[in-house]
Each structure stands twice: as C-alpha cells, then as structure tokens.
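Counting starts at 1 for both ligands and their atoms, following the listed order. Values in this document were obtained by computation on a predicted structure and should not be read as measured data.
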Amino acid sequence: MSDAYTPRPEDKFSFGLWTVGNRGRDPFGDVVRDALAPAAAVAMLGEVGAWGVNLHDNDLVPIDATPSERDRIVKEFTCACERHGIVVPMATVNLFFDPVFRDGAFTANDARVRAYALQKTMRAMDLGAALGAKIFVLWGGREGAETDACRRPDEAVKRLREAVNYLCEYSIDRQYGFKVALEAKPNEPRGDIYMATTGAYLGFIATLDHPEMVGVNPEVAHEQMAGLNFLHAVAQAWEAGKLFHIDLNDQAPGRYDQDFRFGSANVKAAFWLVKFLEDVGYQGPRHFDAHAYRTEDYEGVKDFARGCMRTYLILRERAKRWNADAEIQALLSETGATELVSYTPRHRDLLLGSSFDRVGLAKRGLAYERLDQLTMDVLLGVR
Ligand code: GLT
Ligand code: MN
Ligand code: MN
C-alpha cells in the first residue's frame, strides 16, 4: 500500500552496502547477524523502495581477490542492480579496516603505506566508475593519532593534500568525471582524526589543485559527536557550492559513534535539516549512513531502512506545512528582511551619518518563543 510517505526513485534515497549489511559487531560483542551477500543487500533495498546503493571497494570485492574473481563479482552485482532497479551513485574506498592502515593511509608515516593507499584508491575509483558512480567519497577514518608524538599535524595536512591532488589527476586522466566528497569526523576509530569537522575540510579544499572537483560529505552524527550544529555545517557547505553528498543518520551528542536510524534521536534537528535540503533544492543523493540496532534480525534491518526513508518523508511534509503556515510566515516577516548591503562611498557616508535608536532596538521582543512553539505544534502534528 503506498501513501505520501512511500519512497520514490526521485527522492534519491540510498544506503551503503555496509549499512544494511552491518552485522552488529561492536567493541564489546561479536556479530549478531549472518553475512548479507551484496546481491541480497541489493534485493533488500529494492524491496524496501530505495533508489541507490553505495559501496566501499571491499564491501563488494574482497581485498585479496584476483582480477578474474573481481570481474565475476562485479558482473553479478551489476546484474543484481539491474534486476532490482537500483543504481550506484557513490563509491568509496576502505582505508581503515586492514591493519596496514593502523597508522593512517594517506597520512601514514611509512611512504609505502601511503603509496599502497593511493593504489588501492585508484582501483576503487576504477570499480566505482565501472558501476556508474559519479561521486567518490573519502573518509579518512585512520588519518589521525592517539599521540601527537607520531607526526606534526601540519605534515599530515600536506600529505592529505598531496593524495587528494593525485587522485583528482587520476580521475581527470581516466575521464571518470568524479566529484570527490571529503567526509569529516572528530574521533573514533582514532583518538583524534585530522580534519575533525566539515568546516576544516572546506578550508582545506580551497588549497587544492582542483578545488572545483572536491566538496564535502557531511554526516549528521559526526558533527553531533563534537557537540556541533549539523545544519550549520551543511548550510555553509551548500552556500559554498560544496555539498556534493550527505550522510544521514542520528546520534546522541557526546556518545560513541551510534549511527542510529535517521531522525530517531534528535527529531527537531532532523526537521530543520530536511527543511533546509528541501528549501534550497538539494539534488544529490540522500544517503543513510546508519545501521539497525544490534537487537535486530534482517526483518528488523528492513524496518530500520524503511524507517529512515519514512521519517525523512514525514519531515518533508511537515516542512511544507511550516512554510505554508500563515502565522509562522507573518512572524518571520516581522523579524527581518534579508537585504544585503555592499560597500560604496555613498553607502558608507549614509551609514556613518545615520542615528540608531539603540535602546529601542534592544527592547523589542522577537517572538522566537512563539515561532518555536508553532514549529513544535507543526512537528508534533497538532497544527
Ligand atoms: C564508515 C564510516 C562512515 C563513512 C563510510 C565511508 S565508512 O562506516 O563510519 O561514516 O561514511 O567510508
Ligand atoms: Mn559516513
Ligand atoms: Mn558514522
């Protein structure tokens, strides 16, 4: 039965193979679900109504596969995607699982490890391009330190720049047309990870050889782990033309990396986020980088995946209602039009000659309490 909250392909909902395939291992306990073969994951995504599947190289092709094994696996996977009407919008590379990356990949002190990381990434780009992906995510999960005795952090930045520049050249050389999306996280699995926030990456991108090819992939939980406002990070990325991809999930601030179902922990923050993405007309994939609770079997994993999409669609409908609400709009228009000023000698003289009712301005109530309660009423379904 379909309703207003049934996902459609144009919603561009995607999941990583590693998300629905997550087996529930955590630092204190072993796997609780059987392995889910990539073709089975694709079938599940088709069943729940998703549009896309994303993958790391080794989610699909084992790290030690021979070229002929790789070709067979890719062929089978492509067939599964066609059969279930699922596309591959994004690909990425696993530079964090294998022990070779225990000191980092692009920033590792050993030049052979750095070279291997580049080679592995170029091969992952080959794989992603073969599957039709146009976005390539780089998450530097091991690019960090437990002790800053290991290297100077500015050296790490230089190594990271060298690697991203190299990989952009590779994409150009092979005519892959990738948009590279850099994903920040403050810590976990390293004690501290370099480029802790989306804002740090936005600063870094401007220093690259091909800044136009590189943007960000902000993840809800990664900014919230640091106690930051995710929407603000996304808005800055969007305004800079750098929101190439987004990882939707949820997280209680200050905890471990929870990767909860989208909207399940901070529904109001999720509402502002969905409203923003819809208001500005974000056209990229809406990727859920989350996983089901460890208590679930694969029926529960489907509930998890359906829940991510359903919550997004409910919040989208609530955002439309908020935008159409006459009282909300009236309050907003009272609190300020956004007219941007620019510097001219005439404007300067006018401004310097103006007088302001400072005390009067500071006295006027802004009615944000009312505005926020109206928001709560919309969100809680009583308006
Ligand atoms: C890993 C991480 C995610 C990244 C993925 C891409 S892998 O699951 O926790 O945030 O987006 O490398
Ligand atoms: Mn992520
Ligand atoms: Mn995460």
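Annotation: protein N, O or S atoms under 2.8 Å of the Mn ion (ligand 2) (waters excluded) comprise E183 OE2, E219 OE1, D247 OD2, D289 OD2.
Which parts of ligand 1 touch D247 is read off a 4.0 Å heavy-atom cut-off, strictly below it: atoms 11 (O). Ligand 1 places these atoms under 4.0 Å from at least one heavy atom of F96: 7 (S), 12 (O).
Between W238 and Y282, the ring planes are perpendicular. Angles over 60° get that label, and only those under 30° would be called parallel. Using cut-offs of 30° and 60° for the angle between ring planes, the F304 and F15 rings count as perpendicular. In this pair, H287 and H245 present their aromatic rings tilted. The plane angle is within the 30 to 60° band.
The pair R383-D325 meets the salt-bridge criterion, since a charged nitrogen lies less than 4.0 angstrom from a carboxylate oxygen. No salt bridge links D98 with K120; every basic N to acidic carboxylate O contact stays at or beyond 4.0 Å. Salt-bridge annotation for R316 and D11: present, with a side-chain N of the basic residue lying under 4.0 Å from a carboxylate O of the acidic one. By the 4.0 Å N-to-carboxylate-O rule, R23 lies too far from D30 to be salt-bridged with it. A salt bridge is absent between E334 and R364: the closest approach of a Lys/Arg side-chain nitrogen to an acidic carboxylate oxygen does not fall below 4.0 angstrom. Between R159 and E155 there is a salt bridge, since at least one side-chain N of the basic residue sits less than 4.0 Å from a carboxylate O of the acidic one.
If you check which protein heavy atom lies closest to atom 11 (O) of ligand 1, you get E183 OE1, 2.6 Å. Closest to atom 8 (O) of ligand 1 among all protein heavy atoms lies W18 NE1, 3.2 Å. If you check which protein heavy atom lies closest to atom 3 (C) of ligand 1, you get D289 OD2, 2.9 Å. With hydrogens left out, the protein atom closest to atom 1 (C) of ligand 1 is W139 CZ3, 3.7 Å, a heavy atom.
Judged by distance alone, with hydrogens and angles left aside, the side-chain atoms of N323 form no donor-acceptor pair with the main-chain N or O of K320 at under 3.5 Å.
Distances from atom 6 (C) of ligand 1 to the heavy atoms of H56, E219, H222 put H56 nearest.
Of all N, O or S atoms in D259, the one lying closest to the Mn ion (ligand 3) is OD1.
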